[in-house]
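Some notes on the structure that comes next.
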Amino acid sequence: MKRSRIMALIRPTIMLDNITQIDGPFLRRHQIGALMLDVDNTLSLHGNPEPYEGIAAWVKRMRDIGVEMIIVSNNSRERVQPFADKLGIPCVGGGYKPLSKGMREAQAMLKTPKRHCAIVGDQLFTDIMGGNLYGITSILVTPYQLEDKTGFKIKRGLERGFLRRYRRAQNKNGGGGR
Ligand SMILES: [Mg+2]
């Protein structure tokens with residue numbers, strides 16, 4: 001596959017430092033009514049059963065303004081369900097991102113039409129590529145913690161290269177979203 005084709009597939013629609021930057025005006029500006037949420041390193045530290053600080057309050061803010069939320073994780077249902085219950089959000093485990101399986105399942109549980117849905121996650125090759133292939137807005141957040149497994153290190157190394165290019169392109173275009 002050509003490099004430019006891969007670049008397009010894993011290019012986030014929007015890049016943020018932290019998921020808690022998502023608020024009402026941001027969602028209105030991008031016409032987003034529902035969020036499909038990654039867990040590990042987006043809402044919690046990898047494998048941690050507790051939401052990261054500020055996440056529970058952010059979820060409440062989102063709920064208060066009527067934003068639909070659903071967790072879509074590649075992690076097992078056993079890991080994801082108790083976590084989702086803590087936040088009071090429905091969930092789909094075994095999502096197989098970047099394949100569409102989990103997002104399709106999630107979409108069926110949402111009232112918001114697909115064109116107003118977005119996926120939020122920390123990985124270019126799962127969350128972002130998944131959202132782009134499925135055809136929804138893809139929002140990249142900075143991972144809370146870098147994993148120390150070798151496979152992850154290789155993937156993060158690749159991501160860094162692509163991210164540098166995206167940031168450069170974004171700065172050239174005067175920054176700010178899409
Ligand atoms: Mg993740």
Side-chain angles (χ1 to χ4, degrees), residues 6-7 9-22 26-27 30 32 34-59 62 67-107 109-110 117-164 166-167:
I6 299 173
M7 284 276 289
L9 268 181
I10 61 171
R11 183 191 294 272
T13 319
I14 301 161
M15 288 190 274
L16 298 174
D17 287 330
N18 193 286
I19 193 166
T20 56
Q21 288 174 277
I22 296 177
F26 171 92
L27 293 171
H30 295 286
I32 296 165
L35 298 170
M36 299 186 189
L37 305 168
D38 173 51
V39 173
D40 292 309
N41 265 326
T42 297
L43 297 177
S44 78
L45 298 176
H46 196 88
N48 191 308
E50 294 298 325
Y52 200 69
E53 59 186 52
I55 292 298
W58 173 78
V59 166
M62 291 296 100
V67 178
E68 273 197 291
M69 288 169 286
I70 186 163
I71 282 171
V72 182
S73 175
N74 282 357
N75 220 318
S76 68
R77 178 134 209 143
E78 292 77 73
R79 147 80 170 134
V80 179
Q81 185 74 62
F83 182 86
D85 288 347
K86 251 173 226 170
L87 292 171
I89 305 177
C91 76
V92 173
Y96 294 100
K97 294 173 282 185
L99 302 184
S100 298
K101 176 189 174 283
M103 285 173 282
R104 213 179 295 124
E105 261 175 63
Q107 184 64 58
M109 294 162 73
L110 296 171
C117 291
I119 186 166
V120 189
D122 67 298
Q123 286 196 54
L124 292 180
F125 294 99
T126 55
D127 310 304
I128 300 306
M129 188 189 278
N132 291 346
L133 286 170
Y134 186 54
I136 57 177
T137 302
S138 57
I139 304 174
L140 182 75
V141 295
T142 306
Y144 286 127
Q145 202 175 43
L146 290 179
E147 305 80 356
D148 47 4
K149 280 193 222 133
T150 311
F152 259 117
K153 274 188 182 161
I154 294 168
K155 202 153 62 168
R156 292 296 186 194
L158 283 170
E159 285 185 343
R160 267 196 301 277
F162 284 111
L163 282 174
R164 261 197 304 272
Y166 294 143
R167 296 228 165 85

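Computed from a predicted structure; not experimentally measured. Positions are given from 1 along the sequence. Both ligands and their constituent atoms are indexed starting at 1 by order of listing.
When the Mg ion (ligand 1) is compared with the N/O/S atoms of D122, atom OD1 turns out nearest. With respect to the Mg ion (ligand 1), D38 has OD2 as its nearest N, O or S atom. Of all N/O/S atoms in D40, O sits nearest the Mg ion (ligand 1).
Side-chain contact check for I139 versus H30: every heavy-atom pair is 4.5 Å or farther apart. When side chains are defined from C-beta on, D127 does not count as touching S138, because their heavy atoms never get closer than 4.5 Å. When side chains are defined from C-beta on, Q107 counts as touching M36, because their heavy atoms get closer than 4.5 Å.
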Could you go step by step and tell me if Y166 and R11 meet the side-chain contact (heavy atoms from CB on, under 4.5 Å) rule?
CA-CA 7 Å; Y166 294 143; R11 183 191 294 272; 3.4 Å; yes

